Amino acid sequence: MQEQIQDNEDLAEIIIKTNASIIVPTYKEVENIPLMIERIDWLRQSLGVDLELIFMDDDSRDGSVEAVERAGYDWVRIIVRTENRGLSPSVIEGFRAARHPILVCMDCDLSHPPEAIPQMILALGSGQQFVIGSRYVPGGSTDDDWGLFRWLNSTVATLLARPLTAVRDPMSGFFALRKADFDRAKDLNPVGYKIGLELIVKCGFENVAEVPIHFADRLHGESKLSLKEQLKYIRHLRRLYIHQFGNAMHFLQFMVVGASGVVVNLTVLTILLMLGVADSGALAGGILVSLVSNFLLNRRFTFSYARDNAILPQFLGFLGASAVGMVVNYAVALYLRTSVLPETPTAIYVAALTGIVCGMIFNFLGNRYIVFRK
Ligand code: GDD
């Protein structure tokens with residue numbers, strides 16, 4: 001890597017002029033900390049760059065603090081955190097504490113090769129805003145022994161992020177950006193592991209580059225990526241989708257909840273009929289239960305930003321919006337049928353479907369902007 005860089009004087013100059021802060025989130029990484037310091041030290045010496053290394057430790061109490069102190073370098077520090085723990089918040093806090101104009105985030109387990117850092121800084125120097133150490137671009141790789149489950153897990157997580165960004169490895173925890181760009185980032189809501197994805201989406205970076213890396217399996221300690229963290233990823237994705245797609249995402253959720261209401265309605269109807277309830281009662285029961293379940297699901301998911309508001313006025317508003325939506329549905333369908341559409345056998349269906357769509361849109365807007373307003 002060093003030879004490659006020295007081949008190109010201009011690029012080497014960019015690197016030599018660029019000081020960077022390397023932020024490493026840690027939890028129980030005492031065995032890896034000295035190895036990490038050693039490899040970054042090698043990079044500092046071979047490039048002559050002022051690299052600052054900050055371990056953001058969530059109070060591991062495993063000797064990590066002592067391991068940093070033993071190394072005795074003034075360019076390495078460890079910040080022990082006791083509040084708002086988690087990988088992403090610790091990276092954000094580390095970025096805020098960083099002193100240099102370039103920020104690099106990487107894991108402590110040596111999965112990410114520090115040797116790729118110069119290339120990442122070069123990419124920033126050549127106009128990129130965000131640079132990822134990527135497993136999934138040509139030249140990138142992972143160790144061979146990834147089982148089917150791990151591979152599937154990573155592939156599904158990556159595909160779910162595809163509508164948000166076209167990058168090949170949005171799950172990577174190895175990335176670099178300018179501190180000035182980070183300082184401009186607004187509304188960061190770091191949940192779980194995917195701080196890189198959060199930054200790409202929330203900062204709206206257009207120039208994102210990927211530098212191929214070999215992602216090695218950790219030699220010491222264990223991954224902390226639990227099922228709980230993976231569920232957090234789903235919640236994180238939902239927030240990012242809402243951020244990126246706004247009302248379209250609210251509308252989609254509203255539709256999904258509406259579809260679930262059909263299932264609830266028919267299930268309750270069937271159960272009531274099996275219990276011997278008369279048809280009129282069973283129909284009413286299905287409608288009532290599905291209205292309540294639609295309301296609760298919309299309050300919990302579609303319009304979750306308003307779920308701290310008083311529930312009773314919201315429920316009454318929801319019923320009101322549904323009733324007005326039905327009137328809009330009926331009025332539009334009737335008007336089309338009687339005054340607009342020609343006398344054909346399909347006219348009544350076209351009228352009915354248009355009425356349904358208008359009613360739904362009206363219902364959605366009423367809920368979004370009146371019933372569940374912020
Ligand atoms: N401060 C802090 N707090 N650090 C944490 C926490 C936490 O709660 N949990 C994990 N870390 C640190 C670990 O000590 C390690 O340095 C880094 O974050 C990554 O955690 P791992 O538990 O080793 O992650 P992984 O190997 O399963 O996940 C890797 O792959 C993902 C992509 O599939 C990492 O590279 C992730 O960054 C990456 O997103």
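From a predicted model like this one, the values you see are computed outputs, not experimental measurements. The chain is numbered in sequence order, starting from 1. When reading the values below, keep in mind they use all heavy atoms of this one structure, side chains included, and skip hydrogens, waters and symmetry mates. All ligand and atom numbering here is 1-based and tracks the order in the structure.
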message: Could you check whether Tyr27 and Asp57, counting side-chain N and O atoms only, form a donor-acceptor pair closer than 3.5 Å?
response: no
statement: Sorted by chain and residue number, the ring pair (Phe, Tyr, Trp, His ring centres under 6.0 Å) partners of Phe315 (sequence neighbours excluded) come out as Phe295
query: Who's touching ligand 1 if we go heavy atoms under 4.0 Å?
result: Pro25, Thr26, Tyr27, Glu29, Met56, Asp58, Gly86, Leu87, Ser90, Asp107, Cys108, Asp109, His112, Arg135, Met171, Gly173, Tyr193, Lys194, Phe215, Arg218, Ser223, Lys224, Leu225
query: Considering residues at least two apart in sequence or located in another chain, which fulfil the side chain to side chain donor-acceptor pair (under 3.5 Å) criterion with Asn363?
result: Asn367
message: Side chains of Tyr136 and Ser154: any donor to acceptor distance under 3.5 Å?
response: yes
- line: With Arg218 as partner, the option from Asp109, Asp143, Asp107 fulfilling salt bridge (Lys or Arg N to Asp or Glu O under 4.0 Å) is Asp109
task: Give the other cluster members for Leu297, using side-chain heavy-atom distances under 4.5 Å between Ile, Leu, Val, Met, Phe, Trp and Tyr residues; answer none if it is isolated.
output: Val257, Phe301
